[in-house]
Amino acid sequence: MGNDAQQGTDQGIEIRPIVREELAVWDRAIARGFMRPHVAPAREWRELLFEPGRMQAAFDHTDPTPEGPRCVATFRSFDTELTVPGGAVLPVDAISAVTVNATHRRRGLLSGMMRHDLAAARERGAAAAILIAAEYNIYGRFGFGPATRSGGQRVDVLRSGGLRAGLPVHEGHRIGFATLDEVRRFGPELHERWRRTQPGAIGRPASWWQLRTGGIDLPGFDWKEGFTALHRTADGTVTGLITYTVDEKFDGSYPDCPLNVRDFLAVDRRTANALWAFAFSVDWVRHVVVPNLRPDDPLPLLLNEPRAARPHEDDADFLWLRLLDLPAAFAARRCAAPGRVVLDVSDREGWTAGRWALEAAADGTARITRTQDDADLALGVAELGTLHLGADTATRLADADLVTELAPGAAARVDSLLRTDRAPWNPDVF
């Protein structure tokens, strides 16, 4: 079992990190947990993701298979960076591949794996943990709060009249199609620059680019090449990228094709304007479909007829955040105004529990320190995670009875400190 093994709440259940030779049974358990038909993965893909100690599993020794004890739960984490308001990045523990087989629910398996991973993340120096919640009510009990939202737009090109004339663009810019090799060459560095402009964005590992440019074959992953266009300024600097597919569809003799945006990166507003103008100029395209767009993205307002843009996907919570180190998390982000407020934070694990003074200076720098002063606002660490990136306001959470004002106007004071210019957003599934 090794030093990292732990006993489950049921006798005969062992929770521990897997070894490389168990990747195949671990992958099959993931498919079972997500109730998907199992498609044998490319071993190269799982090998690429494997990191000793970061893939956990629960094994049932009372129900063995010919290969050994049955794998009934899975859990994976990896290190990445999260952009916070102000453009700094925070080291975080990204959690993925969380499943518990239907036959083994409510036996403490998820709790055991989660607590082991979060404790290890704190020891490694991660300031927070992130995940994407398949179900809303599962992760709040571990201190996670919704921290970004996801939704999209579907724009009728004819009704929109295209983009308004005169929108600023870079003088002398050019847009050209890129080969897959060029995407692999320019994409990662462009994304590194872009993600520092967007709170809530995370890093993209090399495996992300390999999978999404056909560099590795993963059975069950629905990938086709599509088109990628790069935006360059007059001096040749790459400042933007759009990747899309077009479905060939005709209404009788009239083209009625949707252009489906897969990826859109623009490091400034002028680049974004040029790339959107390009997307709306493609022949045969009747609808521009953007499945995932920042909630406050100005795209509809760029159109001659903003009503031609309609929601494409349901607006819903997406990335969830669990703060592990409050001083590190708040020192990294910038605040919108100077001020001081005392928070009474509750945390089932005790890691962040207590009274904390959040102080912001006139230059936007922030710090949070323990204090004995009377608290102004009481809240859980999950709600504090929601507020940290600016996903919601303390005033709204107070109206919903999710945080409690202990001093008049405390929620508004918190909002004045933590207000963000742009909504937090993460376009990437992990």
Side-chain angles (χ1 to χ4, degrees), residues 81 83 85-89 153 155 157 160-204 206 208-210 212-215 225-246 257 259-285 288-290 292-294 296-306 308-309 334 421-423 425-428:
E81 293 176 331
T83 304
V89 294
Q153 296 283 337
V155 183
V157 173
S160 74
L163 269 64
R164 303 192 331 266
L167 291 171
V169 296
H170 288 285
E171 185 176 354
H173 78 273
R174 63 187 189 276
I175 295 174
F177 286 110
T179 65
L180 291 176
D181 284 341
E182 289 175 312
V183 175
R184 297 184 196 109
R185 177 183 171 190
F186 293 108
E189 191 275 334
L190 172 65
H191 181 265
E192 282 299 299
R193 281 185 284 139
W194 171 82
R195 74 183 179 99
R196 283 166 171 77
T197 71
Q198 179 56 61
I202 63 172
R204 288 179 176 175
W208 191 99
W209 293 99
Q210 290 186 52
R212 288 160 179 83
T213 59
E225 182 170 340
F227 308 93
T228 296
L230 298 178
H231 177 282
R232 288 179 168 89
T233 54
D235 65 359
T237 302
V238 175
T239 59
L241 167 156
I242 183 172
T243 298
Y244 64 90
T245 60
V246 177
C257 302
L259 182 151
N260 307 294
V261 178
R262 281 186 186 168
D263 201 12
F264 188 97
L265 305 176
V267 299
D268 55 50
R269 190 67 252 159
R270 291 172 181 263
T271 297
N273 291 342
L275 285 173
W276 285 128
F278 167 75
F280 278 77
S281 73
V282 176
D283 289 338
W284 294 6
V285 170
V288 171
V289 182
V290 193
N292 196 354
L293 193 66
R294 197 181 77 218
D296 59 348
D297 192 283
L299 173 61
L301 301 180
L302 304 181
L303 306 172
N304 283 293
E305 173 53 271
R334 309 290 285 188
D421 293 333
R422 292 181 175 86
W425 179 58
N426 168 41
D428 293 329

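Taking NE2 of His173 as the reference point, atom CG of Leu275 lies at 8.0 Å (rounded to 0.5 Å). Going from atom OG1 of Thr213 over to atom CG of Leu180 covers 6.0 Å, rounded to the nearest 0.5 Å. One finds the CZ atom of Arg270 at 10.5 Å from the CG atom of Leu167 (value rounded to the nearest 0.5 Å). Put simply, CD1 on Ile175 and CZ on Arg232 are 11.0 Å apart, with the number rounded to the nearest 0.5 Å. The structure places OG1 of Thr245 at 12.0 Å from CD of Glu225, a figure rounded to the nearest 0.5 Å. We find the CZ-CD1 distance between Arg204 and Ile202 to be 9.0 Å, quoted to the nearest 0.5 Å.
Closest approach of Glu192 and Arg195 over heavy atoms only: OE2-NE, 2.9 Å. Between Gly236 and Arg174, the shortest heavy-atom distance links the atoms CA-NH2, 4.0 Å. Across all their heavy atoms, Arg184 and Gly214 have their closest contact at NH2-C, 4.0 Å. Of all heavy-atom pairs spanning Leu190 and Gly240, the tightest one is CD2-C, 3.6 Å. Closest approach of Ser160 and Val157 over heavy atoms only: OG-O, 2.8 Å. Of all heavy-atom pairs spanning Gly86 and Arg334, the tightest one is CA-CG, 3.4 Å.
Judged by distance alone, the side chain of Asp296 and the main-chain N or O of Ala423 form a donor-acceptor pair under 3.5 Å. With hydrogens and angles ignored, the 3.5 Å screen pairs a side-chain donor or acceptor of Asn273 with a backbone N or O of Pro168. At least one donor-acceptor pair closer than 3.5 Å links the side chain of Arg164 to the backbone N or O of Leu301. Side chain of Glu182 to main chain of Thr179: a donor-acceptor pair is present (N/O by atom type, distance under 3.5 Å, no hydrogens or angles).
In this structure, Phe227 and Val282 have side chains that are not in contact, with every pair of non-hydrogen atoms separated by 4.5 Å or more. A 4.5 Å side-chain heavy-atom check between Thr237 and Arg193 finds at least one atom pair inside the cut-off. Contact check for Phe280 versus Leu303: side-chain heavy atoms found under the 4.5 Å cut-off. Here the side chains of Leu293 and Phe264 are not in contact, with every heavy-atom distance at 4.5 Å or above. Counting only heavy atoms from C-beta outward, the side chains of Phe186 and Leu241 never approach each other to under 4.5 Å. Looking only at side-chain heavy atoms (C-beta outward), Leu259 and Trp284 stay at 4.5 Å or farther from each other. When side chains are defined from C-beta on, Val261 counts as touching Trp276, because their heavy atoms get closer than 4.5 Å. A 4.5 Å side-chain heavy-atom check between Phe278 and His231 finds every atom pair outside the cut-off.
When each of Leu265, Val267, Asp263 is paired with His191, the side chain to side chain contact (heavy atoms under 4.5 Å, CB included) condition holds for Leu265 and for no other.
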**Item:** Full working for side-chain contact (heavy atoms from CB on, under 4.5 Å) between Val183 and Trp209
**Value:** CA-CA 8 Å; Val183 175; Trp209 293 99; 4.1 Å; yes
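Between the side chains of Thr233 and Asp235, a donor-acceptor pair is found at a separation under 3.5 Å.
By the 6.0 Å contact criterion, CD on Glu189 is enclosed, its count of non-hydrogen atoms from other residues, nucleotides or ligands being greater than 12. Counting heavy-atom neighbours within 6.0 Å of Arg422 CZ, excluding the residue itself, gives a total of 12 or less. More than 12 heavy atoms of other residues, nucleotides or ligands lie within 6.0 Å of CG in Asn304, so this atom counts as buried by the packing criterion.
Looking at residues two or more places apart in sequence or on another chain, you find a side-chain hydrogen bond (donor to acceptor under 3.5 Å, both in side chains) between Asp268 and His170, Thr271.
No salt bridge links Asp428 with Arg212; every basic N to acidic carboxylate O contact stays at or beyond 4.0 Å.
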